Amino acid sequence: WGTMSFGDVAAAAVRFARDGFPMPVLTSRIITKAADNYRRWPANEEIYLPGGKPPQPGDLFVQSDLGKSIQYMIDQEAAAPGDRLAGLQAARDAFYRGDIAQTLVRHQAENGGWLSAEDLAGFKVGIEAPITVRFRDFEVYTCGPWCQGPLLAQTLRLLDGVDLESMGHNEPAYIHTIVEALKLAYADREQYVGDPRFVDVPIEGMLDDDYIAQRRALIDPNVAAPGMPEPGRPGGAARTGAISPEPTAPADELSQIDTSYISVIDSEGSVFSATPSDGSAAGPIVPGLGFLPSG
């Protein structure tokens with residue numbers, strides 16, 4: 001799908017990595033908060049704590065190794081004979097089979113990691129039908145139960161039978177209702193959702209009209225659940241355990257920021273949506289590559 005080359009798409013990314021960009025205030029705060037974690041690995045510290053200190057707002061933030069990794073993929077694409085698809089395959093092979101893969105696998109072997117050359121070479125992104133739900137006048141598509149897609153789908157189904165407009169946008173009753181619906185969806189996520197290659201997920205039952213109505217009835221307009229509610233029993237559920245509600249522990253706002261999201265829709269109706277969710281202080285960056293293996 002698409003019309004652009006990898007080099008076209010990655011041009012801004014490689015420029016920002018190679019030449020740098022002014023450090024935003026929020027990113028500076030996050031890096032400062034996680035400074036001790038970055039110091040656990042020399043490669044992380046070198047990038048994110050230049051000169052031994054967190055970069056300050058406005059400082060030029062450079063990621064040279066990451067820029068080189070992206071540029072290597074661009075160069076491999078440019079050198080490939082054939083059409084656009086052949087070039088894209090060459091860029092992909094540079095990562096999963098070429099020098100990047102070899103460096104990554106060597107780093108894994110030296111540090112007791114599990115990722116092998118066969119894992120990388122054999123990986124392919126799956127193509128599958130999305131989960132589809134109706135919310136008011138909208139048809140909403142989410143990814144399947146190998147991710148958090150069902151959480152959004154189930155929350156929207158719970159809220160579809162609620163008169164949110166009459167509550168007033170962001171009024172206490174409005175926020176309370178949305179939060180309580182999210183809690184119910186999170187409870188089912190914790191109990192049932194997993195990689196469907198290994199877990200039997202009752203996704204149809206979780207989105208069934210009668211089940212959704214039962215769960216929606218648990219939303220008390222006057223009382224907030226103290227934490228995670230007990231999961232329901234959707235049709236097709238095989239698990240029998242229950243999670244007792246527990247008070248939610250306070251969380252530092254900066255420690256919870258680890259996910260980015262981008263959505264692009266062009267004039268021809270092509271859509272790109274991605275949710276990268278890995279923290280740069282959560283594991284060792286591969287020296288020379290400028291990134292850490294995804295968790």
Side-chain angles (χ1 to χ4, degrees), residues 1-21 38 40-50 61-128 143 146-147 195 197-198 258-264 270-295:
W1 295 278
T3 59
M4 300 175 72
S5 69
F6 177 77
D8 291 334
V9 174
V14 73
R15 186 175 70 252
F16 286 133
R18 181 193 63 225
D19 301 336
F21 58 88
Y38 286 114
R40 290 186 292 171
W41 300 287
N44 300 51
E45 182 175 12
E46 181 180 356
I47 296 170
Y48 290 95
L49 302 175
F61 183 62
V62 177
Q63 300 168 91
S64 299
D65 287 342
L66 180 59
K68 292 175 183 177
S69 294
I70 301 172
Q71 187 63 55
Y72 169 65
M73 297 172 68
I74 294 174
D75 292 344
Q76 293 298 107
E77 177 187 54
D83 59 10
R84 170 179 169 271
L85 292 181
L88 291 176
Q89 185 63 51
R92 187 185 188 282
D93 287 344
F95 188 98
Y96 286 100
R97 296 171 180 268
D99 290 353
I100 293 177
Q102 294 174 21
T103 302
L104 179 54
V105 169
R106 184 167 57 250
H107 183 259
Q108 287 277 301
E110 292 171 349
N111 292 275
W114 297 339
L115 197 62
S116 69
E118 291 73 21
D119 292 329
L120 289 170
F123 173 76
K124 293 193 181 304
V125 174
I127 300 174
E128 59 187 47
C143 294
W146 50 268
C147 74
D195 189 333
R197 294 176 300 174
F198 305 100
D258 60 2
T259 300
S260 300
Y261 178 69
I262 184 170
S263 177
V264 180
S270 297
V271 180
F272 176 82
S273 175
T275 313
S277 185
D278 283 304
S280 56
I285 284 177
V286 182
L289 296 185
F291 62 85
L292 57 86
S294 173

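Please read these numbers as outputs of a predicted model, since none were measured by experiment. Because only heavy atoms are used, hydrogens play no part in the values below, and waters and symmetry mates are left out as well, while side chains stay in.
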Taking atom CD of Glu45 as the centre, does the number of heavy atoms from other residues, nucleotides or ligands within less than 6.0 Å exceed 12?
yes
So, for Leu88 and Met4, which heavy atoms are closest and what is the spacing to 0.1 Å?
CD2-O, 4.5 Å
Those residues that, when tested against Tyr261, pass side-chain contact (heavy atoms from CB on, under 4.5 Å) (two or more places apart):
Ser263, Ser273, Thr275
Rounded to the nearest 0.5 Å, how far apart are CD of Gln76 and CD of Gln71?
11.0 Å
Can you name the side-chain contact (heavy atoms from CB on, under 4.5 Å) partners of Phe95, sequence neighbours left out?
Met73, Ile100, Phe291
Interatomic spacing from CD in Gln89 to CZ in Phe6 - rounded to 0.5 Å
13.0 Å
Of all heavy-atom pairs linking Gln108 and Trp114, the shortest is OE1-N, 3.2 Å
Check whether Ser260 reaches the backbone of Pro276 with its side chain - one donor and one acceptor, N or O, closer than 3.5 Å.
no
Ignoring hydrogens, what is the shortest heavy-atom contact between Ile47 and Gly290? Give both atom names and the distance.
CD1-CA, 4.3 Å
Those residues at least two apart in sequence (or on a different chain) that pass side chain to side chain donor-acceptor pair (under 3.5 Å) with Ser64 are none
Please indicate whether Phe272 has more than 12 foreign heavy atoms, meaning atoms of other residues, nucleotides or ligands, lying under 6.0 Å from its CZ.
no
Ala10 to Ile70 - nearest heavy-atom pair and separation
CB-CG2, 3.8 Å
To the nearest 0.5 Å, tell me how far Ser69 OG sits from Ile74 CD1.
11.0 Å
Around Arg97, counting heavy atoms of other residues, nucleotides and ligands shown, do more than 12 lie under 6.0 Å from its CZ?
no
side-chain contact (heavy atoms from CB on, under 4.5 Å) with Ala281: which residues, sequence neighbours excluded?
Ala34, Asn37, Tyr38
Within this structure, what is the CH2-CG distance for the pair Trp41 and Leu292, rounded to the nearest 0.5 Å?
8.5 Å
Taking the side chain as C-beta and beyond, is there a heavy-atom pair between Pro284 and His107 under 4.5 Å?
yes
Has Asn44 got a side-chain atom pairing as donor or acceptor with Ser280's backbone, closer than 3.5 angstrom?
yes
Considering residues at least two apart in sequence or located in another chain, which fulfil the ring-ring contact (aromatic ring centres under 6.0 Å, His included) criterion with Phe16?
none
Answer yes or no: is there a donor N or O on one side and an acceptor on the other, between the side chain of Asn111 and the main chain of Gly113, under 3.5 Å?
no
Identify every side-chain donor-acceptor pair in residues 119-128 under 3.5 Å, counting partners at least two apart or on other chains, and give the distances.
{"residue": "Asp119", "atom": "OD2", "partner": "Ser116", "partner atom": "N", "Å": "2.9"}
{"residue": "Asp119", "atom": "OD2", "partner": "Ser116", "partner atom": "OG", "Å": "3.1"}
{"residue": "Glu128", "atom": "OE2", "partner": "Trp146", "partner atom": "NE1", "Å": "2.8"}

Ala80 to Ala86 - nearest heavy-atom pair and separation:
CB-O, 4.1 Å
Taking every heavy atom of Val105 against every heavy atom of Ala117, the minimum-distance pair comes out as CG2-N, 3.5 Å
